Asks: 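Handing you this structure, nothing more for now.
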Amino acid sequence: MESNLFLYNTLSRTKEQFEPINPPFAGMYVCGPTVYGDPHLGHARPAITFDLVFRYLLHLGYKVRYVRNITDVGHLVADLDEGEDKIAVKARIEQLEPMEIAQYYADRYFIFMDTLNVKRPSIEPRASGHMIEQILMVKKILDAGFGYEVNGSVYFDVEKYSKSYNYGKLSGRVLDDLISNTRSLEGQDEKQHPADFALWKKAQPEHIMRWPSPWGDGFPGWHLECSAMSTKYLGEYFDIHGGGMDLLFPHHESEIAQCQAAIGHESVKYWMHNNMITINGQKMGKSLGNFITLEEFFTGTHASLQQAYSPMTIRFFILQAHYRSTVDFSNEALQAAEKGLKKLLAGYETLCKLAGNPHPQPLPQGGGETSTPLPEEEGRIEVIQQGCYAAMNDDFNSPIVIANLFEGVRLINSAADKKLTMSAQELALLKKIFDLFLFDILGLKDEKSNDKGELLDGLMQLVLALRQKSRETKDWGTSDQIRDALQKLQITVKDGKDGSVWNIE
RNA sequence: GGUUUCGUGGCCGAGUGGCUAGGCAGCGGUCUGCAAAACCGUCCACAGCGGUUCGACUCCGCUCGAAACCUCCA
């Protein structure tokens, strides 16, 4: 399978040609959510980024297995100092089983990702369901001599590891710097070296989430689940591992070390990282008062939001930036995105009419042949198509894809205005491009109800016919009254040369 | 302080050693009963200071500024 797809590998810090290990198969593992809180903007970006990758790989014909984990074990609440399990803390507060909470927020995550039109991965394994695999991996690392046990906990020996391998190759860190920059906490330090990390952690009595192990009751270290589950479902060497840039260190760095130690070689060919999100130029944080959940975005119920923003507006906005750039959310920017998306989708509707597709409304009759079309540029539609492919092949450059689609919209609208003509072949190809890139690959969709129904359609035809009569008699009062009343029902009427068209907002 | 990623016009956001990004907003036209939409034209850039070069927004260095990570835990 030949493709010209290039993607940016964080490991090499260059764009590399994508050559899967076992074509036509492609394996991708992406770090999923920790399910202890409601899904927010920070969840949307990686989900949409790797959804784009997933969709494009599928389009190129790869047989993709996309694995995204659900982390439902052993997390601390960031604001707490005591070192309690995140989920355990929540459970005590809300008097629920920890797994009940994990289930609740996992379900919420699934629902909101569905709303964002993020395709479900092939497998969504849970850390809690892979204790045996994780324990086995700890054993392997111990057997290989890269781990040590202290008081029922097992730690990874980074110092020893870095004598043979480069711990820090992914994030650019140097071990000596890590030492000098690590403030050693007094007392409870079981670790031999400040940079060592936990493979298995002994559960204190108050820990509700615990599992038996050869080292006593406890829970797996953070980095372990991803190594264990990616190996289980994608093999000891697979194509793409993705996640947010915030996970670069120590999470992904440690995953590399774990796999190297347990398996004897690295397990990932391409590392991909999406950049972070800011709100009005600031990071999103609970303490800053700009922590906005997806539900709040969709309903507009947050003090800093001027209005509700639909899932597709959020998706489009995220795709308007390249995934390796930071993206800054603001009301002004989101409103611009909302309008831009609307224009794109309206352009597609016009295209369908021009292309003779009855969906969603018939083209108003009439229109003369007297227009003087602009001279046709040879292959102007092909240029758009090639532009879209070139953009996707260049490290999934969705903003360029979108720019190309807007060029298509310009042609469509000009054709509708009879400023230029497009052949049936051109229209058909353009429709194909929109169907593929706008809907299948970018994963956008029209959110307004297209299922207008025969009854509504008939009623609207009647209403518009009556309004047309009043317009012909220049009864503007009646005409405007009808239009205003319809607008209140979210139905927009636009008067064109060839009659009026209507849309549900 | 270290590592990483950045700093583009009113806002968001691509890209490139010399050649148009794109969207939103603004301005001027066309169309229109009005409105909306659409079309055409147009203004506003490349954080700052040096250096390399025939030429830099694009390469190099420094300064300033922003974000993520650098502790136990995921």
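Chain letters run A, B, ... following the sequence lines, proteins first, then strands; residues in each count from 1. These figures come from a predicted structure and were not determined experimentally.
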Asks: Less than 4.0 angstrom from a charged side-chain N to a carboxylate O is my criterion; do A:D394 and A:K15 meet it?
Replies: yes
Asks: Counting heavy atoms from C-beta on, name the nucleotide in B:U5, B:C39, B:C12 closest to the side chain of A:D328.
Replies: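 Comparing B:U5, B:C39, B:C12 against the side chain of A:D328, the answer is B:C12.
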Asks: Mind checking whether A:Y36 and A:Y105 have ring centres under 6.0 Å apart?
Replies: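 Ring centres of A:Y105 and A:Y36 not closer than 6.0 Å.
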Asks: How is A:A403 classified with respect to the nucleic acid when contacts are heavy atoms under 4.0 Å: base, sugar-phosphate, or nothing?
Replies: base
Asks: So, A:R126 and A:E225, do they make that salt bridge, N to O below 4.0 Å?
Replies: no
Asks: I'd like to know if A:R324 reaches the base of B:C6 with its side chain, counting only an N/O donor and acceptor under 3.5 Å.
Replies: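 Looking at the base of B:C6, it does not pair with any donor or acceptor on the side chain of A:R324 (distance under 3.5 Å).
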Asks: Does B:C6 have a Watson-Crick or wobble mate here (both distances under 3.5 Å), and if so which one?
Replies: B:G65
Asks: Using a heavy-atom cut-off of under 4.0 Å over every strand shown, decide if A:F329 touches base, sugar-phosphate, or nothing.
Replies: nothing
Asks: Look at all strands and tell whether A:K339 reaches a base, only sugar-phosphate, or nothing, counting heavy atoms closer than 4.0 Å.
Replies: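 Answer is sugar-phosphate: A:K339 comes under 4.0 Å of backbone atoms only.
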Asks: Check if the side chain of A:D495 and the base of B:C34 share a donor-acceptor pair of N or O atoms closer than 3.5 Å.
Replies: yes
Asks: Any ion pair linking A:R410 and A:E407 (charged N to carboxylate O, less than 4.0 Å)?
Replies: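 The answer is yes: the pair qualifies as a salt bridge.
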Asks: Less than 6.0 Å separating the ring centroids of A:Y270 and A:H241?
Replies: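 Ring centres of A:H241 and A:Y270 not closer than 6.0 Å.
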Asks: So what does A:A198 hit on the nucleic acid, given a heavy-atom distance under 4.0 Å: a base, only sugar-phosphate, or nothing?
Replies: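 The residue A:A198 makes sugar-phosphate contact but no base contact.
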Asks: Stacking between A:W476 and the base of B:G33 (centre distance under 5.5 Å, interplanar angle under 30°)?
Replies: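 Whether judged by distance or by angle, A:W476 passes, so it stacks on the base of B:G33.
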Asks: For B:A25, which nucleotide is its Watson-Crick or G-U wobble mate, given both distances must be under 3.5 Å?
Replies: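 Base partner found: none.
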Asks: Looking at every strand, decide which applies to A:V327 at a 4.0 Å heavy-atom threshold: base, sugar-phosphate, or nothing.
Replies: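 The answer is sugar-phosphate, as A:V327 gets under 4.0 Å only of primed atoms, P, OP1 or OP2.
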Asks: When all nucleic acid strands are considered with a 4.0 Å heavy-atom cut-off, which category describes A:G168: base, sugar-phosphate, or nothing?
Replies: nothing
Asks: Between the base of B:G13 and the side chain of A:S325, is one N or O donor paired with an acceptor at under 3.5 angstrom?
Replies: no
Asks: Let's see if you can work this out: which of B:C69, B:C34, B:A38 has an atom nearest to the side-chain heavy atoms of A:D480?
Replies: B:C34
Asks: Consider the side chain of A:R13, meaning its heavy atoms from C-beta on, and name the nucleotide among B:U4, B:G33, B:G22 that approaches it most closely.
Replies: B:U4
Asks: Side chain of A:N413: nearest nucleotide among B:C34, B:G22, B:C39?
Replies: B:C39
Asks: Whether the side chain of A:R173 and the base of B:C69 hold a donor-acceptor pair under 3.5 Å is what I'd like checked.
Replies: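 Result: at least one qualifying N/O pair found.
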Asks: At less than 3.5 Å, do the side-chain atoms of A:R483 and the base atoms of B:A36 form a donor-acceptor pair?
Replies: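 Check fails, no donor-acceptor contact within cut-off.
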Asks: What's the closest nucleotide to the side chain of A:A336 if the choices are B:C24, B:C69, B:U5?
Replies: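 Nearest to the side chain of A:A336 among the choices is B:C24.
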Asks: Please report the distance separating the P of B:G22 from the corresponding atom of B:G15, rounded so that it comes out in whole Å.
Replies: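 Taking atom P in both B:G22 and B:G15, they lie 15 Å apart.
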Asks: Looking only at side-chain atoms of A:S330, point me to the closest of B:A14, B:C39, B:C11.
Replies: B:C11
Asks: Nearest to the side chain of A:H322, heavy atoms from C-beta on, is which of B:A14, B:U5, B:G2?
Replies: B:A14
Asks: Under a 3.5 Å cut-off for both contacts, is B:G1 paired Watson-Crick or G-U wobble with anything, and if yes, with which nucleotide?
Replies: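 Matched B:G1 with B:C70 under the 3.5 Å cut-off.
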Asks: For A:D417 and for A:E407, locate the closest nucleotide of RNA chain B by heavy-atom distance; then report the residue assigned to the nucleotide nearer the 5' terminus.
Replies: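 This one resolves to A:E407.
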Asks: Regarding A:R467 and A:D495, does a basic nitrogen lie under 4.0 Å from an acidic carboxylate oxygen?
Replies: yes
